[in-house]
Amino acid sequence: VDELTNYLYTNQMYKFIEVYVQRMNQAATPKVVGSLLDLNAPEDQIRNLVNTVRPPQCPIDELVEEVEKRVRLTLLLPWLETRFHEGLEEPS
């Protein structure tokens with residue numbers, strides 16, 4: 001997932017990253033987001049990508065862990081609050 005994300009992002013194929021996460025493998029969202037953070041992708045792009053996925057297909061714990069490793073947890077705050085208001089209760 002890291003290599004795929006790196007290749008697509010460095011070749012300005014961000015739309016393919018979106019399709020991969022939204023339609024092919026939402027479970028890979030945490031790894032994709034982690035890779036994008038490592039590549040210094042704009043936070044708006046990452047935030048928009050995360051806003052297109054929903055649990056349980058996208059594992060919240062893994063997503064929080066990947067973002068927390070990079071000390072960027074504030075990036076997920078609006079998404080997590082929205083999940084909370086939707087009534088989603090997970091250990092994260």
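Since we're looking at a predicted model, the values are computed, not measured. Just so you know, these numbers use all the heavy atoms, side chains as well, and skip hydrogens, waters and symmetry mates.
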- Arg72 and Arg70: which non-hydrogen atoms are nearest, and at how many Å? CG-O, 3.1 Å

- Got Val1 and Tyr20 here, is their nearest side-chain heavy-atom distance under 4.5 Å? yes

- Query: Can you pull the salt bridge (charged side-chain N to carboxylate O under 4.0 Å, His left out) pairs that have at least one residue in residues 50-60, sequence neighbours excluded?
  - Reply: Arg54-Glu86

- Message: Taking side-chain hydrogen bond (donor to acceptor under 3.5 Å, both in side chains) as the definition, give me every residue that meets it alongside Asp44, ordered by chain and number, with sequence neighbours left out.
- Response: Arg47

- Do the non-hydrogen side-chain atoms of Leu80 and Val64 ever get within less than 4.5 Å of each other? yes

- Do other residues, nucleotides or ligands put more than 12 heavy atoms under 6.0 Å from the OH atom of Tyr14? yes

- Task: Determine which pairs satisfy salt bridge (charged side-chain N to carboxylate O under 4.0 Å, His left out) with at least one residue from residues 16-26, sequence neighbours left out, and list them in order.
- Result: Lys15-Glu18

For residues 29-37, please give each side-chain donor-acceptor pair under 3.5 Å, one per line with the distance, not counting sequence neighbours.
{"residue": "Thr29", "atom": "OG1", "partner": "Gln26", "partner atom": "O", "Å": "2.6"}
{"residue": "Lys31", "atom": "NZ", "partner": "Glu66", "partner atom": "OE2", "Å": "3.3"}
{"residue": "Ser35", "atom": "OG", "partner": "Asp2", "partner atom": "OD1", "Å": "2.5"}
{"residue": "Ser35", "atom": "OG", "partner": "Lys31", "partner atom": "O", "Å": "3.1"}

- Reported CD1-to-CE distance for the pair Ile17 and Met24, which is rounded to 0.5 angstrom: 13.0 Å

- Under the side-chain contact (heavy atoms from CB on, under 4.5 Å) rule, collect the residues that match up with Asn6, sequence neighbours excluded. Thr10, Leu39

- Rounded to the nearest 0.5 Å, what separation is found between the CD atom of Gln57 and the CG atom of Asn25? 11.0 Å

- Item | Residues which pass side-chain contact (heavy atoms from CB on, under 4.5 Å) with Asn48, listed by chain and number, not counting sequence neighbours | none

